Amino acid sequence: MRSQFFIYLQNILPQHLLSEFAGKLAESRSPALKNFLIKRFIKKYNIDMNEANIQNPGDYACFNDFFIRELRPELRPVATEKNVITSPVDGTVSAIGSIKEHQLLQAKNFYFQLTELLGGDKELAQDFYNGNYTTL
């Protein structure tokens, strides 16, 4: 019931305002707030801090720094074999689909331009036209 209410709130609140608020929370350097957010996330998702380069949750400047924390390199070796895909993240597939000409659908029904995602490189973007994508 609680999660349904949260989903309902997300649907009625202005998305840009909600995203901006979440961004401010994630970048907050207030020790009380960022430590609360980090500890709650660790508990909810059973994060093993022994895998992180920085193991003390209080040592992260903000939640966002914790969220993109570096793991100890020996725990996630990068595959060097041909035809092997190595993921840069521990995660799950959240979106998968086809690129329609030069656009792909991501979160919240928002379309992205390939050129935009590839740093403005139009030539590189053409290599991916009508291809496929996966978001992790």
Side-chain angles (χ1 to χ4, degrees):
M1 183 71 154
R2 186 176 174 190
S3 62
Q4 289 175 333
F5 178 71
F6 183 70
I7 291 168
Y8 174 74
L9 278 178
Q10 285 184 313
N11 287 325
I12 64 170
L13 291 173
Q15 295 303 305
H16 291 290
L17 185 62
L18 196 58
S19 291
E20 188 175 322
F21 178 69
K24 294 224 183 277
L25 283 178
E27 289 296 329
S28 172
R29 295 181 184 275
S30 161
L33 178 59
K34 62 104 178 169
N35 289 339
F36 170 79
L37 294 172
I38 291 170
K39 287 177 183 176
R40 180 134 174 132
F41 193 88
I42 289 170
K43 185 176 181 179
K44 180 168 178 66
Y45 294 101
N46 198 27
I47 305 295
D48 183 357
M49 291 305 294
N50 292 317
E51 294 182 343
N53 275 342
I54 300 172
Q55 295 180 3
N56 181 355
D59 289 346
Y60 290 93
C62 62
F63 178 82
N64 197 47
D65 287 354
F66 161 76
F67 191 77
I68 60 170
R69 68 195 172 281
E70 290 184 14
L71 301 179
R72 294 189 356 238
E74 68 273 13
L75 297 176
R76 305 292 193 281
V78 176
T80 56
E81 299 87 0
K82 282 187 170 185
N83 300 320
V84 172
I85 297 173
T86 300
S87 172
V89 299
D90 285 343
T92 58
V93 174
S94 63
I96 190 166
S98 299
I99 300 169
K100 305 291 186 216
E101 294 181 13
H102 62 279
Q103 292 185 332
L104 58 136
L105 176 65
Q106 287 290 297
K108 301 177 186 172
N109 289 325
F110 189 78
Y111 284 87
F112 288 87
Q113 303 289 326
L114 280 173
T115 305
E116 214 177 292
L117 290 173
L118 297 171
D121 190 330
K122 291 179 183 179
E123 189 175 316
L124 179 60
Q126 283 187 315
D127 291 340
F128 297 96
Y129 276 26
N130 297 314
N132 299 299
Y133 70 91
T134 303
T135 303
L136 304 173

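As the structure is a computational prediction, the values presented were derived from the model and not from experiment.
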At their closest point, which heavy atom of [X] faces which heavy atom of [Y], and how far apart are they?
X: Ile38; Y: Cys62; value: CD1-O, 4.0 Å
X: Pro73; Y: Asn53; value: CD-OD1, 4.0 Å
X: Tyr60; Y: Arg69; value: OH-CB, 3.5 Å
X: Ile42; Y: Pro57; value: CD1-CG, 3.7 Å

Run the side chain to side chain donor-acceptor pair (under 3.5 Å) test against [X] and tell me which residues pass, sequence neighbours left out.
X: Asn83; result: none
X: Asp48; result: Asn50
X: Glu81; result: none

Within 6.0 angstrom of Phe41 CZ, more than 12 heavy atoms from elsewhere: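 Yes, because the 6.0 Å sphere around CZ of Phe41 holds more than 12 heavy atoms from other groups.
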4.5 Å side-chain heavy-atom contact, Ile99 and Leu114: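 Result yes, sub-4.5 Å side-chain heavy-atom pair found.
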Close side-chain approach of Met49 and Phe66, heavy atoms under 4.5 Å: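 Yes; the side chains approach each other to less than 4.5 Å.
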Residue pairs involving residues 49-60 (criterion salt bridge (charged side-chain N to carboxylate O under 4.0 Å, His left out); sequence neighbours excluded):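 For residues 49-60, and leaving out neighbouring residues, the salt bridge (charged side-chain N to carboxylate O under 4.0 Å, His left out) pairs sorted by first residue read Glu51-Arg76.
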Counterpart residues, salt bridge (Lys or Arg N to Asp or Glu O under 4.0 Å), relative to Glu74 (two or more places apart):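 Here the qualifying residues are Arg72.
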Ile54 with Tyr45, same ILVMFWY side-chain cluster at under 4.5 Å: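 Same hydrophobic cluster.
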Residues in side-chain contact (heavy atoms from CB on, under 4.5 Å) contact with Phe36, at least two apart in sequence or another chain: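 Partners of Phe36 under the side-chain contact (heavy atoms from CB on, under 4.5 Å) test: Arg40.
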side-chain contact (heavy atoms from CB on, under 4.5 Å) partners of Gln126, counting only residues at least two apart: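 Tyr129.
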Please report, to 0.1 Å, the donor-acceptor pairs under 3.5 Å made by any side chain of residues 22-29, with sequence neighbours excluded.
from, atom 1, to, atom 2, distance (Å)
Glu27, OE2, Asn64, ND2, 3.0
Ser28, OG, Ser30, N, 3.2

